[in-house]
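Step one of this worksheet: look at the structure below.
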Amino acid sequence: MTRQKKADMLLVLITGFWGCSYYLSDLALEEMPPFALCAFRFLLAFALLGIVLFPKLRHASRKTLLWAVPAGLSMTLTYIGATVGLLYTSISNAGFICALPVVTTPILSFIVYRKRPEGRMLACLGLCAVGLALLTLGDDFRPAPGDLICLLCALGYGINLLVVEHAVRQPEVDALQLGVFQQFVTGTVMLLLSVLFETPCLPQTATGWSSALFLSVFCTGIAFTVTAVQQKYTSAIHIGLIFTLEPLFSAVVAFFFAGERLSARGYVGAALMMLSLVAMEGGLSIFKKKKKGA
């Protein structure tokens, strides 16, 4: 197994964590305002990672710290869209729109780097877009008020993927340190926004605390650190495509914990998404090689 495929498998696991985050965020937002929840997530994640990884973080280079600023600001935009938008639209619509980095990442890559996606990647992008629409959008395809806010998530995370990809290619930038310090920047900005526009507070019940803690440890601290490190071995476009599984995992969580059921069209969409990932990873060509060898 190549290093890129190992990286992609780890990113699929991270996507599973984020699939849980919609349901958990919905629970936590009943007790905390959105900016306060994001500040709690990112600052606690940074504190825990700082304790565990202190020997590896204490000698961060100046360039790593500088790159953490645009990475953290783009992450702030991402979570303003994802968290605030969730207050004004359905979980299904939020899941679809927040998974749109699969579309925004190659578009931004083409605009910034003039890097045109290869033919197979374009086909996979189209297949994923169709699958996501079938899985998550309603019959009328009308946007809820929060849908436009959720678009900030797709834009922000597309920018973040490109920023981090460019940063970790530089020898002076440590990917692990960048993944941790960008969380500090995001948490600090979110705390400032919470103080200015909200009344900051902590969770009030056991459900709220458990949801917020899981979001902080697994969906934030571990997730973004692993993602930053693995970007040394795969591309931003690859990552954006893998993250289209996020609404699929979200639907599975909703099935078991919220009693939601997918329509027949939703199951077709999920199958199309899985097919696109197999095609992206070269699965079909692998099968052909095995058949030829036999």
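We count residues from 1, following the sequence as given. Everything numeric in this text was worked out from a predicted model, so none of it was measured.
Looking only at distances, a side-chain donor or acceptor of Glu31 sits under 3.5 Å from a matching main-chain atom of Gln204. With Ser210 contributing its side chain and Thr207 its backbone, the two residues share a donor-acceptor pair below 3.5 Å. With hydrogens and angles ignored, the 3.5 Å screen pairs a side-chain donor or acceptor of Ser74 with a backbone N or O of Ala71. Between the side chain of Thr64 and the backbone N or O of Asp174, at least one donor-acceptor pair lies under 3.5 Å. A donor-acceptor pair under 3.5 Å is absent between the side-chain atoms of Ser216 and the main chain of Leu213, judged by distance alone. Side-chain atoms of Glu198 come within 3.5 Å of backbone atoms of Ala36 as a donor-acceptor pair (strictly under, hydrogens ignored). A donor-acceptor contact shorter than 3.5 Å is absent between the side chain of Thr15 and the backbone of Glu246. Judged by distance alone, the side chain of Glu172 and the main-chain N or O of Ser61 form no donor-acceptor pair under 3.5 Å.
Shortest non-hydrogen contact noted between Leu86 and Cys150 is N-SG, 4.4 Å. Considering every non-hydrogen atom in both Tyr79 and Cys219, the closest pair reads OH-O, 4.4 Å. Contact record, Pro33 with Thr199: CG-O, 3.9 Å, taken as the closest heavy-atom pair. Summarising the geometry of Ala212 relative to Pro203, their closest heavy-atom pair is CB-CG, 4.0 Å, with the distance given to 0.1 Å. Heavy atoms only, all atoms of each residue included: Phe249 and Gly19 are closest at CB-CA, 3.8 Å. A pairwise comparison of heavy atoms in Cys20 and Val253 identifies SG-CG2, 3.7 Å as the closest pair.
Atom CG of Leu161 and atom CG of Leu108 lie 9.5 Å apart (nearest 0.5 Å). The distance from atom CZ of Phe40 to atom CE of Met32, rounded to the nearest 0.5 Å, is 6.0 Å. To the nearest 0.5 Å, the span separating CD on Gln183 from CG on Leu178 amounts to 10.0 Å. Atoms CG and CD1, from Leu152 and Ile159 in turn, are 9.5 Å apart once rounded to the nearest 0.5 Å. Residue Asp8 holds its CG atom at 13.0 Å from CG of Leu13, rounded to the nearest 0.5 Å.
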Q | Phe257 vs Leu27, side chain to side chain contact (heavy atoms under 4.5 Å, CB included): CA-CA, chis, key distance, verdict | A | CA-CA 12 Å; Phe257 294 98; Leu27 294 176; over 6 Å; no
Q: Please step through side chain to side chain contact (heavy atoms under 4.5 Å, CB included) for the pair Val168 and Trp67, ending with a clear verdict.
A: CA-CA 9 Å; Val168 298; Trp67 275 106; over 6 Å; no
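Under a hydrophobic-cluster definition in which Ile, Leu, Val, Met, Phe, Trp and Tyr are linked whenever side-chain heavy atoms come within less than 4.5 Å, directly or via other members, Val226 and Leu48 are assigned to the same cluster. No continuous path of ILVMFWY side-chain contacts below 4.5 Å connects Val52 to Val217, so the two sit in separate hydrophobic clusters. Val229 and Leu65 fall within the same hydrophobic cluster, defined by Ile, Leu, Val, Met, Phe, Trp and Tyr side-chain heavy atoms under 4.5 Å apart, directly or through other members. Under the 4.5 Å side-chain heavy-atom criterion for Ile, Leu, Val, Met, Phe, Trp and Tyr, Ile51 and Ile222 are members of distinct hydrophobic clusters. Note on Val12: it clusters hydrophobically with Tyr22, by side-chain heavy-atom contacts below 4.5 Å among ILVMFWY residues.
Looking at Gln230 and Arg3, their side chains come closer than 4.5 Å, going by heavy atoms from C-beta outward. A 4.5 Å side-chain heavy-atom check between Leu43 and Met190 finds every atom pair outside the cut-off. Between Pro34 and Leu29 the shortest side-chain heavy-atom distance falls below 4.5 Å. Side-chain atoms of Tyr233 and Leu10, non-hydrogen and from C-beta on, never get closer than 4.5 Å to each other. A heavy-atom distance below 4.5 Å is found between the side chains of Phe35 and Ile80. By the 4.5 Å heavy-atom criterion applied to side chains, Thr83 and Ser25 are not counted as neighbours. A 4.5 Å side-chain heavy-atom check between Gln182 and Val163 finds every atom pair outside the cut-off. Taking the side chain as every heavy atom from C-beta outward, Phe42 and Val185 never approach each other to under 4.5 Å.
When the shell of 6.0 Å around CZ of Phe218 is examined, it contains 12 or fewer heavy atoms from other residues, nucleotides or ligands. Taking a 6.0 Å sphere around CZ of Phe17, one finds it holds more than 12 heavy atoms contributed by other residues, nucleotides or ligands.
Screening Leu192, Leu191, Thr186, Leu193 for a side-chain contact (heavy atoms from CB on, under 4.5 Å) with Val189, the sole residue that qualifies is Leu193.
Between Phe181 and Phe46, the ring-plane angle classifies as tilted under the 30° and 60° cut-offs.
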